[in-house]
> 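Sharing a structure with you now.
Only heavy atoms go into these numbers, but all of them, side chains included; no hydrogens, no water, no symmetry mates. This one's a predicted model, so the numbers in the text were calculated from it and none came from an experiment.
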Amino acid sequence: MYDGSPRRDELAARLATVRERIDRACDAAGRSAEDVTLIAVTKFFPASDVAILAELGVHDVGENRDQEASAKVDELPPEVRDRLTVHFVGQLQSNKAGHVARYADVVQSVDRPKIARALDRAAAAADRRLEVLLQVDLSGAAGRGGVAPEAARALADEVAESEALRLRGVMAVAPLGEDPAPAFERLAGVAHAIREGHPDADWMSAGMSGDLEQAVAAGATHLRVGSAILGSRPLAR
Ligand SMILES: *Cc1c(COP(=O)(O)O)cnc(C)c1O
């Protein structure tokens with residue numbers, strides 16, 4: 001008689017495969033897997049999946065849409081929520097930023113001063129502190145979100161001076177249709193430049209289901225993995 005949960009078994013199996021990939025990539029790069037944090041990106045999937053992943057030892061989850069994320073976080077039992085770090089990884093508008101500041105622990109997608117100021121005000125008003133990554137545009141083709149690499153240093157200085165935000169580093173998505181390895185090396189260069197002025201800002205969030213190996217090789221400290229753990233998402237919404 002089978003009395004387990006099929007969804008739990010499925011998530012456990014995929015999670016094990018992803019952890020093996022990370023271990024192998026770390027071995028190849030001469031890095032310790034302990035220095036790499038796996039963030040399960042749970043967008044489009046229910047709070048029950050988040051709860052299962054938490055039970056399976058995942059401590060970090062990522063979401064990219066404000067409404068979906070806040071509803072999901074609210075739905076989690078408090079004892080599950082309290083053990084998780086919630087990362088917001090989606091594009092932000094300044095009118096939404098205040099809302100995100102109420103439930104996210106880390107905001108990875110700060111790409112302009114206006115967003116930083118909106119997050120800072122809202123977090124301070126809610127008596128919360130937020131960890132912040134600057135999203136860097138590696139495509140060179142404005143529009144997909146992200147600060148231009150050459151403007152990242154000034155934005156870092158601005159975030160570092162805010163009251164309720166703590167600058168932790170950088171984040172990027174590899175450009176479509178380009179080899180991710182050199183793109184992640186460019187991100188590592190931006191991360192390095194920012195660390196010269198802000199030594200604590202040592203996080204580099206890069207790498208998704210399809211390119212986590214290249215991200216580990218370039219020095220990523222945080223991987224954002226969705227479909228390789230949760231399964232494929234509905235195409236567009
Ligand atoms: C959805 C998403 C991911 C995860 O993508 P997968 O290819 O499913 O692993 C990572 N980062 C961001 C910003 C995302 O929106």
Side-chain angles (χ1 to χ4, degrees), residues 1-23 26 33-92 96-109 119 122-123 126-133 168 171 173 203 205-210 212 215-216 220-237:
M1 192 184 79
Y2 180 79
D3 61 0
S5 140
R7 182 59 172 160
R8 187 184 198 281
D9 293 349
E10 192 181 336
L11 292 176
R14 291 214 199 88
L15 185 62
T17 304
V18 167
R19 290 205 188 282
E20 279 164 27
R21 284 175 62 191
I22 296 170
D23 286 348
C26 285
E34 282 171 23
D35 297 335
V36 176
T37 300
L38 171 63
I39 302 167
V41 180
T42 48
K43 64 190 186 201
F44 292 101
F45 291 94
S48 54
D49 281 356
V50 177
I52 292 171
L53 289 170
E55 228 177 82
L56 294 171
V58 170
H59 304 295
D60 293 78
V61 294
E63 287 286 335
N64 77 334
R65 298 189 324 138
D66 173 44
Q67 279 198 345
E68 177 187 344
S70 77
K72 209 178 291 182
V73 170
D74 275 351
E75 224 183 289
L76 292 171
E79 68 277 12
V80 174
R81 169 64 185 101
D82 290 348
R83 280 186 285 129
L84 284 175
T85 299
V86 174
H87 299 251
F88 190 83
V89 302
Q91 277 204 34
L92 273 173
K96 294 272 175 64
H99 192 239
V100 169
R102 290 192 224 156
Y103 60 84
D105 301 305
V106 182
V107 178
Q108 300 206 355
S109 41
L119 283 172
D127 202 21
R128 300 192 74 227
R129 296 292 172 268
L130 290 180
E131 303 198 280
V132 159
L133 302 184
R168 294 312 308 261
M171 176 273 234
V173 178
W203 294 8
S205 170
M208 319 201 304
S209 294
L212 68 87
V216 167
T221 60
H222 291 70
L223 307 173
R224 308 178 311 271
V225 180
S227 49
I229 297 173
L230 279 303
S232 53
R233 299 181 284 274
L235 270 180
R237 192 164 80 183

> I want to check something: taking the side chain as every heavy atom from C-beta on, are Leu38 and Leu15 in contact at a cut-off of under 4.5 Å?
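Answer yes - side chains close enough.
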> Could you report the tightest heavy-atom contact between Ala33 and Asp23, atom names first, then the distance?
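So the two residues come closest at CB-OD1, 3.4 Å.
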> Any donor and acceptor pair, going by atom type alone, linking the side chain of Arg128 with main-chain N or O of Ala104 inside 3.5 Å?
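Between the backbone of Ala104 and the side chain of Arg128 there is a qualifying donor-acceptor contact (under 3.5 Å).
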> Arg65 versus Lys43: any side-chain heavy-atom pair under 4.5 Å?
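A side-chain contact is absent here, since even the closest heavy-atom pair is not under 4.5 Å.
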> With heavy-atom distances below 4.5 Å as the criterion, would you say the side chains of Ser109 and Val89 are in contact?
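Side chain of Ser109 against side chain of Val89, heavy atoms only: no contact under 4.5 Å found.
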> What closest approach, in Å, do Ala47 and Leu76 show between heavy atoms, and which atom pair accounts for it?
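Minimum heavy-atom separation between Ala47 and Leu76: O-CD2, 3.7 Å.
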> Can you see which heavy atom on Ala97 is nearest to which on Leu119, and at what distance?
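Of all heavy-atom pairs spanning Ala97 and Leu119, the closest is O-CD2, 3.3 Å.
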> Would you call the rings of Phe88 and Tyr103 parallel, tilted or perpendicular, taking 30° and 60° as the class edges?
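Answer is perpendicular, since the angle exceeds 60°.
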> Can you measure from CG (Asp9) to CD1 (Ile52) and round to the nearest 0.5 angstrom?
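The CD1 atom of Ile52 is 9.5 Å from CG of Asp9, to the nearest 0.5 Å.
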> Tell me, do Arg19 and Val58 make a side-chain contact under 4.5 Å, heavy atoms counted?
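SC-SC contact between Arg19 and Val58 confirmed.
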> Quick one: do Trp203 and Met171 satisfy side chain to side chain contact (heavy atoms under 4.5 Å, CB included)? Show the steps, please.
CA-CA 8 Å; Trp203 294 8; Met171 176 273 234; over 6 Å; no
> Charged N to carboxylate O below 4.0 Å: is that the case for Arg83 and Glu79?
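Glu79 and Arg83: not salt-bridged.
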> Within the 4.5 Å heavy-atom criterion, are Val50 and Lys72 side-chain neighbours or not?
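Val50 vs Lys72: side chains touch.
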> Calculate, to the nearest 0.5 Å, the distance between atoms OG1 and CD1 belonging to Thr37 and Ile22 respectively.
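Answer for the OG1-CD1 pair, Thr37 versus Ile22, is 9.5 Å.
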> Judged by modelled atom types alone, do Arg102 and Ser70 share a side-chain donor-acceptor pair under 3.5 Å?
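No pair is found: no donor N or O on one side chain lies under 3.5 Å from an acceptor on the other.
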> Is there a side-chain contact between Leu230 and Leu53 (heavy atoms, below 4.5 Å)?
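Result yes, sub-4.5 Å side-chain heavy-atom pair found.
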> Going by the side-chain hydrogen bond (donor to acceptor under 3.5 Å, both in side chains) test, name the single residue among Gln91, Lys96, His99 that passes it with Asp66.
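Testing each of Gln91, Lys96, His99 against Asp66, the sole residue satisfying side-chain hydrogen bond (donor to acceptor under 3.5 Å, both in side chains) is His99.
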> Using side-chain heavy atoms (C-beta onward) and a distance below 4.5 Å, is Asn64 in contact with Val41?
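When only atoms from C-beta onward are counted, Val41 and Asn64 do not touch, as no gap falls below 4.5 Å.
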> Can you name the closest pair of heavy atoms from Ala220 and Val36 and give their distance?
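Looking at all heavy atoms of both residues, the closest pair is O-CG2, 3.8 Å.
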> Quick one: closest heavy-atom pair of Leu223 and Ala206, and the distance?
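So the two residues come closest at CD2-O, 3.2 Å.
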> Drop me the distance from Glu63's CD to Ile39's CD1, to the nearest 0.5 angstrom.
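So the CD of Glu63 and the CD1 of Ile39 are separated by 12.0 Å.
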> Check this for me, if you would: do Asp74 and Arg81 make a salt bridge, where the nitrogen-to-carboxylate-oxygen distance has to be below 4.0 angstrom?
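Salt bridge: no.
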> Roughly how far, to the nearest 0.5 Å, is OG1 of Thr221 from CG of Leu133?
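OG1 of Thr221 is found 8.0 Å from CG of Leu133.
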> Roughly how far apart are Ser48 OG and Glu75 CD, rounded to 0.5 Å?
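Going from OG on Ser48 over to CD on Glu75, the span is 7.5 Å.
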> First locate atom CG of Asp49, then atom CZ of Arg8, and finally report the distance between them rounded to the nearest 0.5 Å.
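Interatomic distance, Asp49 CG to Arg8 CZ, rounded to 0.5 Å: 12.0 Å.
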> Should Arg224 and His87 count as side-chain neighbours, where that means a heavy-atom distance under 4.5 Å?
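No; the side chains remain at least 4.5 Å from each other.
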> Can you name the closest pair of heavy atoms from Ser209 and Ala228 and give their distance?
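Of all heavy-atom pairs spanning Ser209 and Ala228, the closest is OG-N, 2.9 Å.
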